[in-house]
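Protein chains get the first letters and strands the later ones, always in sequence-line order, with residue 1 at the start of each.
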2 protein chains.
Amino acid sequence: MATQQSQQRRPRFLRHTRQREAILRVLRTTHEHPTADWIYQEVRKEIPHISLGTVYRNLKILTEMGEARELTFGSSYSRYDGDPTPHYHFLCDECGKIEDLDMPVMDSLESQAAEWTDGRITSHRLVFHGVCAECQKQQQ
Amino acid sequence: MATQQSQQRRPRFLRHTRQREAILRVLRTTHEHPTADWIYQEVRKEIPHISLGTVYRNLKILTEMGEARELTFGSSYSRYDGDPTPHYHFLCDECGKIEDLDMPVMDSLESQAAEWTDGRITSHRLVFHGVCAECQKQQQ
DNA sequence: ATACGTGCAAACGCTTTGCACTCTC
DNA sequence: GAGAGTGCAAAGCGTTTGCACGTAT
């Protein structure tokens, strides 16, 4: 039942490659919270022969390095957030769009929650659900 | 890019079946936040010929009816929460265990967040990450 | 020279779905 | 009897991975 985290061996050092740089650049310059495939399509404009596997591999490494965050709302595919600083999200239940919220991060939530568990809390994620402005207009 | 929510036709009314009742009962009587497959194995003790597809179909219906919640932490499989009342979760990053937190739900977060988006907020999800008590012991 | 990274394609694994049959209402 | 639900198996589909080759250090 308990899902043990997969412990895979990492290389002793990381290399700089065109592919890795391009992927990180795309991640940094979009606020769309893109999917792996969207990033793939985007990077392909610059490196046409790049493979989707390479995109996934690098996204995993970048996430582990703390350069990106993997967002897994919904059971289908992952989205990636190129802003590694802590922040909250708003998810539109109609169109699936994800917005970053500039509201302050409340670390006090963690100390509050600490009183209700024996576990040691290291971080938290807060996601608001609702209907974005665009979808509200369409519903009228 | 925007992931349109899949709008599938629902039947005009729901029927009571042994399978649906058994699945809901398993969901209600466990606090393990089980996966679909775990529920399948459990229900199979009572209805040996039930199929995994039936479990998935009913979990989807029960979730849409608000009788259960689908938890999608991590990109792999979904877990299901048989407690439909709002509450927060603690997720152990070591072993993957999910705990319910009895701490009060803070609806004020939604009104705070509303000031930072044009969207209409209808709900929120708060998940704390860290290391559970059991895993902390093992690390010593 | 070493060993990390890539491309390609096949494999994986959770989830969904088509179809014929069954069962609830 | 109508049509919702089921079992079975195949298909779907995002993601991972094995392998041989390329390439950064």
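Side-chain N or O atoms of Thr117(B) include none that pairs as donor or acceptor with a backbone N or O of Ala114(B) at under 3.5 Å. The closest donor-acceptor contact from the side chain of Arg69(A) to the backbone of Pro84(A) lies at 3.5 Å or more, if one exists at all. Side-chain N or O atoms of His129(B) include none that pairs as donor or acceptor with a backbone N or O of Val127(B) at under 3.5 Å. Counting only distance, with no hydrogens or angles, the side chain of His49(A) and the backbone of Ile47(A) share no donor-acceptor pair below 3.5 Å. Panel note: side chain Thr54(B), backbone Ile50(B); no donor-acceptor pair is recorded below 3.5 Å.
Salt bridge annotation for Glu99(B)-Lys97(B): present, with a cationic side-chain nitrogen under 4.0 angstrom from a carboxylate oxygen. At a threshold of 4.0 Å, the pair Glu46(B)-Arg25(B) counts as salt-bridged, since one of the basic side-chain nitrogens sits closer than that to a carboxylate oxygen.
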Using a cut-off of under 3.5 Å, enumerate the N/O to N/O pairs linking the protein to nucleotides 4-6 of chain C.
residue	atom	partner	partner atom	Å
dC4(C)	O4'	Arg15(A)	NH1	3.3
dC4(C)	O2	Arg15(A)	NH1	2.9
dG5(C)	OP1	Arg15(A)	N	3.3
dG5(C)	OP1	Arg20(A)	NH1	2.9
dG5(C)	OP1	Arg20(A)	NH2	3.3
dT6(C)	OP1	Thr17(A)	OG1	2.9
dT6(C)	OP2	Asn58(A)	ND2	3.2
dT6(C)	O3'	Gln19(A)	NE2	3.1

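dT16(C) atom C1' lies 13 Å from atom CD of Glu64(B), rounded to whole Å. One can place OH of Tyr77(A) at 18 Å from C1' of dG13(C), the figure rounded to the nearest angstrom. As rounded to whole Å, 17 Å separates atom P of dG14(D) from atom CG of Leu71(A). Regarding Lys60(A), its NZ atom lies at a distance of 11 Å from the P atom of dT15(D), rounded to whole Å. Regarding Leu59(A), its CG atom lies at a distance of 11 Å from the C1' atom of dT15(D), rounded to whole Å. The interatomic distance linking Leu52(B) (CG) with dC8(D) (C1') rounds to 11 Å, in whole Å. Atoms CD1 (Ile47(B)) and P (dG5(D)) sit 15 Å apart, rounded to a whole Å. Rounded to an integer number of Å, the gap from Tyr56(A) OH to dC8(C) P is 17 Å.
Below 30°, between 30° and 60°, or above 60°: for Phe128(B) and His124(A) the angle between ring planes is between 30° and 60°, a tilted geometry.
Judged purely by distance below 3.5 Å, without hydrogens or angles, the side chains of Ser78(B) and Glu70(B) pair a donor atom with an acceptor atom.
Each end of the helix from dA1(C)-dT25(D) to dC25(C)-dG1(D) gets its own rotation axis from five pairs of C1' atoms, and the angle between them is 40° to the nearest 10 degrees.
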